[in-house]
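Just so we're on the same page: letters track the sequence lines, and every chain starts at 1. Note: hydrogens, waters and symmetry copies are ignored here, and every other heavy atom, side chains too, is used.
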Amino acid sequence: MSNGEHIRLEELELLALGALPEDEAAAVQAHVSGCGECALKLAQERGCAAVLAFAAKQEKPAGTIKAELMARIRANRESEERLALPARLRADGGAALPRLGARGNWWNWVLATAAVALALVSFGLSWQNRRMAAELQKERQAADTLIRDREQIEKLVGVLAAPDTVTVKLAGVGDAANTSGLVKFNPKTGMVLYAAELPKLPADKSYQMWLVPANGAPINAGLLGAGGHAWGNLWTAEVPLNTQAKAFAVTIEPAGGMPQPTGPKVLLGAT
Amino acid sequence: MTYYQWENLERNLRTVMGSLPESQREALECAYFEGMSHTEIAEKTGQPLGTVKTRIRSAMEALKKVLG
């Protein structure tokens, strides 16, 4: 599977495509979780695989679809009108009903049963309507999530694919001395940070990324963890474009982040 | 990436997919769009596993050229 110490690109491609059998995928994942270089390559392959979705052939629906849909709507409307007919007959005081004498009681039972059935159908349709509205809401939320993911993938691909993107190695500091990270930075397209496994933080703390510009105070580049955008250990950062960076850092801050760094540094690297 | 650039990328991706040899396109579509593993693709197509891997690799290389 591996070439020397690292996983072959071919295997990473297959993993990114979801084409490795479970046992092989688990073995590759186990290596990747402890190897920054392979993790970065896998993230690049996943970015490539993600945009592959847009290579799907655009299918035009058959020309008969609209006609079939309209026919179904018409059929439903006619069915509802037939169900509503007994109610209209009762609304005119029964004048339209034939006088059947003793047989009138029999008709009353039929109409009462039909009214109960109609009420049950109405209740069922109303419940179904509410359920479908809830499902629609869920689908809308899923669509919003997809749009946000697509924006983040654009950003990721924009940074990783640009030929003038620079790579800065980050070294662990303090309690995180054993970990490391990488920043891919391009002043024109943005910043991506790969962080190896960082020590788990209590719920009231967050890791926060910083860009230290050539002049001025550190710039908040977003959170690692809740509130950040990630693919595995790869994070897209929010930094103003056309900023010249002299260093990058990750610090521990109160949950939700701070406008300026206040806590201890865990990763640090200079350009 | 602007909307125009994105649309251009989509068009290029589809063009490359359309120009891939049938065997490569089939292998890639089975893997990505149908969620099949390489061994399942090999069984389906009756090709050796190594051939399937090579086809997927070649198809991915062609698509990466579009991404720059």
Side-chain angles (χ1 to χ4, degrees), chain A residues 1 3 7-28 41-60 146-147 149-165 186 188-190 192 236 241, chain B:
Chain A
M1 179 184 295
N3 177 12
I7 303 290
R8 285 203 306 263
L9 188 60
E10 170 189 319
E11 303 290 327
L12 295 174
E13 280 175 347
L14 289 169
L15 180 64
L17 288 169
L20 275 187
E22 275 181 28
D23 52 342
E24 288 181 38
V28 174
K41 282 183 191 164
L42 177 60
Q44 288 170 332
E45 291 307 323
R46 285 197 164 133
C48 180
V51 290
L52 190 55
F54 300 99
K57 206 185 291 174
Q58 302 290 302
E59 297 289 350
K60 191 178 176 185
L146 281 176
I147 289 168
D149 282 353
R150 176 174 161 159
E151 287 169 356
Q152 290 303 318
I153 287 168
E154 279 179 31
K155 197 177 284 182
L156 187 68
V157 171
V159 175
L160 296 180
D164 52 346
T165 293
N186 188 313
K188 286 176 268 178
T189 55
V192 173
T236 49
L241 297 181
Chain B
M1 191 179 279
T2 64
Y3 176 76
Y4 173 77
Q5 287 171 318
W6 188 262
E7 209 175 36
N8 206 29
L9 174 64
E10 281 187 11
R11 190 166 46 247
N12 290 342
L13 281 170
R14 280 199 285 274
T15 304
V16 172
M17 280 292 274
S19 66
L20 289 176
E22 178 62 32
S23 57
Q24 287 180 20
R25 188 168 62 246
E26 183 190 24
L28 191 63
E29 285 179 347
C30 284
Y32 188 75
F33 293 108
E34 295 178 34
M36 294 169 75
S37 70
H38 54 41
T39 46
E40 289 169 330
I41 299 169
E43 280 169 20
K44 180 185 172 184
T45 58
Q47 295 296 323
L49 191 57
T51 304
V52 171
K53 286 183 177 180
T54 305
R55 286 175 179 174
I56 292 176
R57 177 110 184 79
S58 303
M60 286 296 283
E61 282 305 309
L63 286 164
K64 279 178 195 169
K65 280 181 190 158
V66 177
L67 296 174

Selection from B/Glu40, B/Arg57, B/Met36 maximising heavy-atom pairs under 4.5 Å formed with chain A = B/Arg57
Can you tell me how far the CD atom of A/Glu10 sits from the CD1 atom of B/Ile56, to the nearest 0.5 Å?
-> 9.0 Å
Using a strict 4.0 Å threshold on nitrogen-to-oxygen distance, state whether B/Lys53 and A/Glu13 make a salt bridge.
-> no
Specify the closest pair of heavy atoms between B/Thr39 and A/Pro21, including all atoms of both residues, with the distance to one decimal.
-> OG1-CG, 4.0 Å
In terms of heavy-atom proximity below 4.5 Å to chain B, should A/Ala49 be classed as side chain, backbone, both, or neither?
-> both
Please state whether the side chain, the backbone, both or neither of A/Leu14 comes within less than 4.5 Å of a heavy atom of chain B.
-> side chain
Heavy-atom distances under 4.5 Å only: say whether B/Leu28 touches chain A with side chain, backbone, both or neither.
-> side chain
Atom CE in B/Met60, atom CG in A/Leu9: separation rounded to 0.5 Å?
-> 8.5 Å
